[in-house]
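None of the values given here were measured: they were computed from a predicted structure.
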Amino acid sequence: MIKVLFICHGNICRSPMAEFIMKDLVKKEGLEDWFLIESAATSSEEVWRGVGNPVYPPARQELARHGISCEGKRARVLVKEDYEKYDYLIGMERYNIRNMNRILGQDYAEKIYKMMSFTKEGGDIADPWYSGDFEGVYKQIERGCKGFLEYLRRNKEC
């Protein structure tokens, strides 16, 4: 089983979008039994008294526009133990990667990646919380997820 954790700042926009886009892609490919796909935050801002906020409404609406549900998803914080649990820890931007390294420690098994490193364009996925561009972020994340799936195929992991 390939265990993937997508990570962003608050786990209410980008990383849950990546989680559910990737789940949709692997389901369409008939590969859902090969994967455990989840998401988390590097910040506790969206978690109150142990309960995470749901996916931000514009992110949820953008997923729904593409026929993807994220029902029941609640924000959660990345913890050090996640490094051992997951095979791939994928951040949305360089600040996420910096904070992931701070929380997880040294990436001795080389499990930490930036989402757009699986595409030809590279770069960061901007936070739509600030830009309001949920459609553009969806498209970027979808390209990243497709690139990641292709990477796994090239490496004969699925």
Side-chain angles (χ1 to χ4, degrees), residues 2-29 31-32 35-80 82-83 86-104 107 111-152:
I2 302 166
K3 299 173 193 158
V4 182
L5 186 65
F6 292 105
I7 299 142
C8 70
H9 181 76
N11 194 216
I12 60 167
C13 295
R14 294 170 293 175
S15 61
M17 288 175 80
E19 173 185 347
F20 290 96
I21 290 168
M22 189 69 183
K23 284 179 176 178
D24 186 61
L25 287 173
V26 300
K27 183 178 181 182
K28 287 176 179 172
E29 297 278 335
L31 298 171
E32 62 264 58
F35 286 87
L36 169 67
I37 303 166
E38 297 180 341
S39 62
T42 59
S43 164
S44 61
E45 292 173 22
E46 297 296 334
V47 179
W48 299 89
R49 296 186 177 139
V51 178
N53 285 328
V55 176
Y56 189 53
R60 189 171 54 239
Q61 291 161 359
E62 187 61 35
L63 287 168
R65 282 186 54 235
H66 298 272
I68 301 172
S69 172
C70 59
E71 191 66 35
K73 172 64 183 171
R74 295 238 173 223
R76 80 152 178 100
V77 178
L78 178 70
V79 294
K80 190 169 185 72
D82 287 328
Y83 191 84
Y86 295 93
D87 304 310
Y88 295 90
L89 298 115
I90 303 174
M92 301 295 119
E93 58 169 71
R94 65 184 175 275
Y95 300 115
N96 301 148
I97 301 296
R98 179 195 66 204
N99 291 329
M100 290 162 64
N101 284 315
R102 179 182 48 80
I103 294 165
L104 300 170
D107 185 20
K111 294 181 174 186
I112 296 175
Y113 296 84
K114 190 164 58 165
M115 173 63 104
M116 296 309 285
S117 69
F118 298 106
T119 69
K120 291 179 182 176
E121 64 200 84
D124 290 339
I125 297 175
D127 194 337
W129 173 270
Y130 301 105
S131 70
D133 184 13
F134 288 88
E135 180 180 4
V137 165
Y138 179 96
K139 290 176 183 176
Q140 262 191 304
I141 291 171
E142 183 181 48
R143 287 192 303 275
C145 287
K146 287 179 177 178
F148 176 54
L149 193 54
E150 182 55 35
Y151 168 85
L152 293 173

Q. For the ring pair Phe148 and Tyr88, is the centre-to-centre distance below 6.0 Å?
A. yes

Q. Tell me, do Ile125 and Glu93 make a side-chain contact under 4.5 Å, heavy atoms counted?
A. no

**Q.** Straight-line distance of Leu89 CG to Tyr83 OH, nearest 0.5 Å
**A.** 7.5 Å

(Q) I'd like to know whether Glu150 forms a salt bridge (Lys or Arg N to Asp or Glu O under 4.0 Å) with Lys146, so could you lay out the CA-CA distance, the side-chain angles of the two residues, the decisive distance to 0.1 Å, and finally the verdict. (A) CA-CA 6 Å; Glu150 182 55 35; Lys146 287 179 177 178; over 6 Å; no

Q: Check the pair Asp87 / Lys3 against side-chain contact (heavy atoms from CB on, under 4.5 Å), numbers first and verdict last.
A: CA-CA 5 Å; Asp87 304 310; Lys3 299 173 193 158; 3.7 Å; yes

Q) If every non-hydrogen atom of Pro54 is compared with every non-hydrogen atom of Arg60, which pair is closest and at what distance? A) CB-NH1, 4.2 Å

Q | Min side-chain heavy-atom separation Asn96-Asp124 under 4.5 Å | A | no

Q. Is there a donor-acceptor pair closer than 3.5 Å between any side-chain N or O of Arg143 and the backbone N or O of Thr119?
A. no

Q | Point-to-point distance, once rounded to the nearest 0.5 Å, from CG of Asp24 to CD1 of Ile68 | A | 4.0 Å

**Q.** Side-chain touch Leu36/Tyr86, heavy atoms, less than 4.5 angstrom
**A.** yes

**Q.** side-chain contact (heavy atoms from CB on, under 4.5 Å) assessment of Tyr95 paired with Thr42
**A.** CA-CA 10 Å; Tyr95 300 115; Thr42 59; over 6 Å; no

Q.
Surrounding NZ of Lys111 (heavy atoms of other residues, nucleotides or ligands, distance under 6.0 Å), is the total greater than 12?
A. yes

Q: Write down the atom of Arg14, the atom of Pro128, and the distance for their closest heavy-atom approach.
A: CG-CD, 3.6 Å

Q.
What's the separation between atom OG in Ser39 and atom NZ in Lys73, rounded to the nearest 0.5 Å?
A. 3.0 Å

Q) His9 and Glu45: side-chain donor and acceptor closer than 3.5 Å? A) yes

Q) Should we say atom CD of Glu121 is surrounded by more than 12 heavy atoms from elsewhere, each under 6.0 Å from it? A) yes

Q | Side chains of Ser69 and Leu63 in contact at under 4.5 Å (non-hydrogen atoms) | A | no

Q. Nearest heavy-atom pair of Met115 and Cys145: which atoms, and what distance?
A. CE-SG, 3.7 Å

Q) Given the rule in the side-chain contact (heavy atoms from CB on, under 4.5 Å) test, do Ile37 and Ile2 qualify, once you have shown the distances and angles that lead to the verdict? A) CA-CA 8 Å; Ile37 303 166; Ile2 302 166; over 6 Å; no

Q | Verdict with reasoning, Glu62 to Arg65, per side-chain contact (heavy atoms from CB on, under 4.5 Å) | A | CA-CA 5 Å; Glu62 187 61 35; Arg65 282 186 54 235; 2.6 Å; yes

(Q) Let me confirm one number: the CG-CG distance from Asp133 to Asp127, rounded to the nearest 0.5 Å. (A) 11.5 Å

Q | Contacts of Arg98 that satisfy salt bridge (Lys or Arg N to Asp or Glu O under 4.0 Å) - sequence neighbours left out | A | none

(Q) Can you tell me how far apart CD1 (Ile112) and CG (Asp107) are? Round to the nearest 0.5 Å. (A) 4.0 Å

**Q.** Atom of Phe134, atom of Cys13 and distance for their closest heavy-atom approach
**A.** CE2-SG, 3.9 Å

Q: Supply the atom-to-atom distance Asp82 CG to Lys80 NZ, rounded to the nearest 0.5 angstrom.
A: 11.0 Å

Q) If you take all heavy atoms of Phe6 and Met22, which pair is closest and at what distance? A) CE1-CB, 3.7 Å

**Q.** Heavy-atom closest pair, residues Tyr113 and Ile97
**A.** O-CD1, 3.2 Å

